[in-house]
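To keep things clear, I will list the structure first and then write my remarks on it.
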Amino acid sequence: MHEAAEYCRKMHPMWQGPLAVPGGDRQSPIDIVVRKSVFDSELKPLVPDYDPKTCQQIWNNGYSFLVEYDDTTDKSTLKGGPLQDTFRLCQFHFHWGESNAWGSEHTVDRRLFPAELHLVHWNSDKYSLFEEAVMEDNGLAVIGVFLKVGKRHEGLQKLVDALPTIRHKDSVVEFTRFDPACLLPANTDDYWTYHGSLTTPPLTESVSWIVMKQHIEVSHDQLAVFRSLLFTSAEEEVQKSMVNNFRVQQSLCGRTVRSSFT
Ligand SMILES: NS(=O)(=O)c1cccc(F)c1
Ligand SMILES: [Zn+2]
């Protein structure tokens with residue numbers, strides 16, 4: 001495990017929690033060992049179909065910031081890829097480090113990225129609420145996208161501009177007409193996929209992970225605004241910067257990571 005990640009785990013109370021659900025053998029995140037992934041020609045292209053009008057609010061939940069979507073209808077969905085059913089977008093959020101040297105949850109051949117985007121969807125063919133789906137083994141599908149520091153991401157800026165209004169834990173503001181498709185890389189056909197878990201409590205093993213091979217680029221300054229958020233609420237005396245909000249890599253426990261590309 002990357003020494004920085006180990007350092008963060010030791011130093012950060014939030015992540016000294018359970019390293020895995022007791023008996024959990026499909027925990028996330030993991031290190032994706034490229035040469036051990038297995039090409040599966042049955043894997044289809046992803047079909048994300050998002051309606052920006054379903055975007056509702058952005059809030060600081062004390063772990064990350066979440067952009068939440070109206071998931072009472074199938075207006076914003078994900079199909080295809082490794083999925084047999086239709087999955088409804090409910091929220092997206094990020095994980096990042098205090099420095100650009102680390103911050104992602106998944107790694108590729110041990111390579112850490114400065115941040116990682118998670119687009120969270122639940123199986124609306126089988127369940128009627130996210131809260132139900134989160135407990136079932138094929139309940140959720142999460143797309144992971146790595147962020148690298150480079151050119152400014154124009155689509156991200158609207159979100160970055162909203163962050164100072166939700167600096168503290170539990171603050172929420174209206175946030176509308178944001179198309180999360182703008183955060184996907186140009187190539188969404190190349191991905192790795194495996195069965196895993198949520199990376200924060202309740203850590204339930206209900207996730208089909210779809211990790212994009214191609215990253216997106218954001219500017220140094222855009223990522224710096226992520227780090228201006230706070231874990232703490234306005235009332236707390238000691239304010240803590242929201243950084244290193246990632247879980248360390250978990251053991252694969254014999255799982256196979258499939259790839260949609262050779
Ligand atoms: N970080 S994550 O595994 O995408 C996640 C954690 C908790 C809840 C959720 F909907 C998604
Ligand atoms: Zn996440």
Side-chain angles (χ1 to χ4, degrees), residues 5 8-9 12 14-15 17-21 24 26-32 46 48 54-71 76-78 81-83 87-97 102-107 112-124 127 129-147 159 169-170 180 183-184 191-212 215-216 223 226 229 231 242-250 255 257:
C8 294
R9 186 184 71 78
H12 209 295
M14 180 166 65
W15 303 101
L19 272 178
V21 175
R26 50 170 282 193
Q27 288 290 293
S28 294
I30 59 169
D31 175 47
I32 295 167
L46 275 185
T54 58
C55 188
Q56 291 184 316
Q57 59 190 19
I58 186 170
W59 70 293
N60 177 332
N61 74 348
Y63 282 137
S64 181
F65 64 91
L66 282 73
V67 177
E68 293 193 315
Y69 285 75
D70 167 20
D71 61 357
S76 288
T77 58
L78 175 65
L83 307 172
F87 286 70
R88 233 176 246 180
L89 174 69
C90 61
Q91 52 106 329
F92 70 80
H93 62 273
F94 298 80
H95 303 263
W96 59 91
W102 64 81
S104 62
E105 296 211 301
H106 290 89
T107 50
L112 289 150
F113 292 82
E116 184 173 334
L117 160 66
H118 290 159
L119 293 136
V120 182
H121 313 74
W122 55 273
N123 188 329
S124 55
Y127 310 107
L129 285 174
F130 167 81
E131 287 73 15
E132 276 173 45
V134 76
M135 305 309 289
E136 305 298 329
D137 70 354
N138 67 346
L140 302 183
V142 183
I143 297 176
V145 182
F146 295 116
L147 275 63
L159 185 154
K169 178 179 177 189
D170 296 332
L183 299 176
L184 293 173
Y191 56 83
W192 294 282
T193 183
Y194 76 98
H195 295 294
S197 74
L198 299 181
T199 65
T200 66
L203 301 170
T204 41
E205 298 181 332
S206 54
V207 182
S208 292
W209 277 97
I210 300 163
V211 179
M212 291 290 129
H215 62 268
I216 60 171
L223 208 44
F226 283 26
L229 291 171
F231 281 129
M242 184 180 277
V243 293
N244 301 327
N245 56 358
F246 57 84
R247 189 187 195 195
V248 293
Q249 288 80 33
Q250 305 293 305
R255 285 173 283 178
V257 177

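Remember, it's a predicted structure, so these values are computed and weren't measured experimentally. When a ligand or atom number is given, it counts from 1 through the structure's own listing order.
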May I ask you to list the atoms of ligand 1 that are less than 4.0 angstrom from any heavy atom of [X]?
{"X": "Phe130", "value": "10 (F)"}
{"X": "His95", "value": "1 (N)"}
{"X": "Gln91", "value": "9 (C), 10 (F)"}
{"X": "His118", "value": "1 (N), 2 (S), 4 (O)"}

Quick one: sort the Tyr194 and His106 rings into parallel, tilted or perpendicular, breaks at 30° and 60°. perpendicular

May I ask you to identify, for Thr199, whether its side chain, its backbone, both or neither come under 4.0 Å of ligand 1 on a heavy-atom basis? both

Hey, what's the angle at the Zn ion (ligand 2) spanning NE2 (His93) and NE2 (His95), nearest 10 degrees? 100°

Of all the N, O or S atoms in His118, which one sits nearest to the Zn ion (ligand 2)? ND1

So, for [X] and [Y], which heavy atoms are closest and what is the spacing to 0.1 Å?
{"X": "His93", "Y": "Phe65", "value": "CB-O, 3.2 Å"}
{"X": "Leu198", "Y": "Arg247", "value": "O-NH1, 4.1 Å"}
{"X": "Asn244", "Y": "Gly97", "value": "OD1-CA, 3.3 Å"}

Examine ligand 1 and decide if any of its atoms is less than 4.0 Å from a heavy atom belonging to His93. yes

Does some non-hydrogen atom of Trp209 fall short of 4.0 Å from ligand 1? yes

Students should be able to answer this: which protein heavy-atom is nearest to atom 5 (C) of ligand 1, and at what distance? Leu198 CD2, 3.8 Å

Protein heavy-atom partner closest to atom 7 (C) of ligand 1 - residue, atom, separation in Å: Thr200 OG1, 3.1 Å

Using a distance-only test with no angle check, is there a side-chain donor-acceptor pair under 3.5 angstrom linking Thr107 and Asp31? yes

Among side-chain atoms of Gln56 and Glu68, is any donor-acceptor pair under 3.5 angstrom? no

Which residues pass the side-chain hydrogen bond (donor to acceptor under 3.5 Å, both in side chains) test with Trp122, sequence neighbours left out? Asp71

Should Trp59 and Lys169 be marked as a side-chain contact (heavy atoms from CB on, under 4.5 Å) after you check the CA-CA gap, both sets of side-chain angles, and the distance that decides it? CA-CA 8 Å; Trp59 70 293; Lys169 178 179 177 189; over 6 Å; no

